[in-house]
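Report on one structure; see the data block that follows.
Letters A, B, ... mirror the listed sequences (proteins, then strands); counts begin at 1. Please read all numbers here as calculations on a predicted model, not as lab measurements.
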Amino acid sequence: GAVVSQHPSWVICKSGTSVKIECRSLDFQATTMFWYRQFPKQSLMLMATSNEGSKATYEQGVEKDKFLINHASLTLSTLTVTSAHPEDSSFYICSARIKTGGFNVEQYFGPGTRLTVT
Amino acid sequence: AQKVTQAQTEISVVEKEDVTLDCVYETRDTTYYLFWYKQPPSGELVFLIRRNSFDEQNEISGRYSWNFQKSTSSFNFTITASQVVDSAVYFCALRESAGGTSYGKLTFGQGTILTVHP
């Protein structure tokens, strides 16, 4: 099956700094990538949808100036948490979509990135 | 708006017991997909099953089985003869069918923490 990687797998940063998380589709081209956030013992919540070559679409309540998403190529999307604060500590998971034809799509999840802001 | 409800927050069973995880969904779409994912302590989501709204056949895969009932908007998951390795968080999810740039985004339930004791 298709593989999606994320880097780093975990990161600790100081409050006020920025952190970049990469999401790569290793063996397929992903026209769309999704970024989810999962707080401890909670569900996954969609943050934004990232389409190659265009601006990301953010879900209600997600600050687009704080969570910068760049989908520069068909295999790479990045999420930058700017001026991170402890409340941004979370598990960030990306998902890449591949269209297999017609109505059908396949979606693959990355392994996640655990961010801790101290 | 779509919604997925997993009413069971936590379930604890003893090994070899059967356990059913409930999932109820709401959607206005007539065409949609339902999913179950397993999230072990490592955090990486493991895909278990995908079912489209036109296929109400129940499915069995080894010790896993799924019961899809469109009439009650439920998609329940049963593990037969549970094992300690089944301990994880299980998520039910719904995917919208509408087109557009957000096509493919998943709405997750709150998750059910399953603990199987030896």
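Cluster membership for B:Leu48 and B:Val19, using ILVMFWY side-chain heavy atoms within less than 4.5 angstrom, is shared. Under the 4.5 Å side-chain contact rule for hydrophobic residues, B:Val89 and B:Val24 do not share a cluster.
A donor-acceptor pair under 3.5 Å links the side-chain atoms of B:Gln8 to the main chain of B:Thr20, judged by distance alone. Judged by distance alone, with hydrogens and angles left aside, the side-chain atoms of B:Arg51 form a donor-acceptor pair with the main-chain N or O of B:Gln57 at under 3.5 Å. At distances below 3.5 Å, not a single donor-acceptor pair connects side-chain atoms of A:Thr116 with backbone N or O atoms of A:Ile12. For the pair B:Arg63 (side chain) and B:Ala81 (backbone), a donor-acceptor distance under 3.5 Å is present. The backbone N or O of A:Val3 sits less than 3.5 Å from a side-chain atom of A:Asp27, completing a donor-acceptor pair. Distance alone, capped at 3.5 Å, places no donor-acceptor pair between the B:Gln2 side chain and the B:Asp29 backbone. Side-chain N or O atoms of A:Trp35 include none that pairs as donor or acceptor with a backbone N or O of A:Cys23 at under 3.5 Å.
The contact list for residues 79-95 of chain A toward chain B, using heavy atoms and a distance under 4.5 Å, reads A:Phe91, A:Ile93 by residue number. Residues of residues 66-76 of chain A placed with any heavy atom under 4.5 Å of a heavy atom in chain B are absent; none qualify. When the heavy atoms of residues 107-116 of chain B are compared with those of chain A, the residues falling under 4.5 Å are B:Phe108, B:Gly109, B:Gln110, listed by number.
Here B:Ile49 contributes atom CD1 and B:Trp66 contributes atom CH2; the two are 4.5 Å apart, rounded to the nearest 0.5 Å.
Note on residues 13-43 of chain B: pairs passing disulfide (SG to SG under 2.5 Å), not counting sequence neighbours, are B:Cys23-B:Cys92.
Heavy atoms from other residues, nucleotides or ligands lying under 6.0 Å from NE2 of A:His7 number 12 at most. Shown here is A:Lys55, whose NZ atom has no more than 12 heavy atoms of other residues, nucleotides or ligands within 6.0 Å.
Both the backbone and the side chain of A:Leu44 come within less than 4.5 Å of a heavy atom in chain B. Of the two parts of B:Tyr37, only the side chain, counted from C-beta on, holds a non-hydrogen atom closer than 4.5 Å to a non-hydrogen atom of chain A. With a 4.5 angstrom heavy-atom cutoff, B:Gln39 touches chain A only via side-chain atoms. Using a 4.5 Å cut-off between heavy atoms, A:Gln6 makes no contact with chain B at all.
Each of B:Pro41, B:Ser42, B:Pro40 was evaluated against B:Glu44; a single residue qualifies, B:Ser42, per the side-chain contact (heavy atoms from CB on, under 4.5 Å) test.
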Next item on the list: Would you sort out whether A:Thr32 and A:Asn51 count as a side-chain hydrogen bond (donor to acceptor under 3.5 Å, both in side chains), showing the intermediate values?
Entry: CA-CA 5 Å; A:Thr32 301; A:Asn51 290 291; 2.7 Å; yes

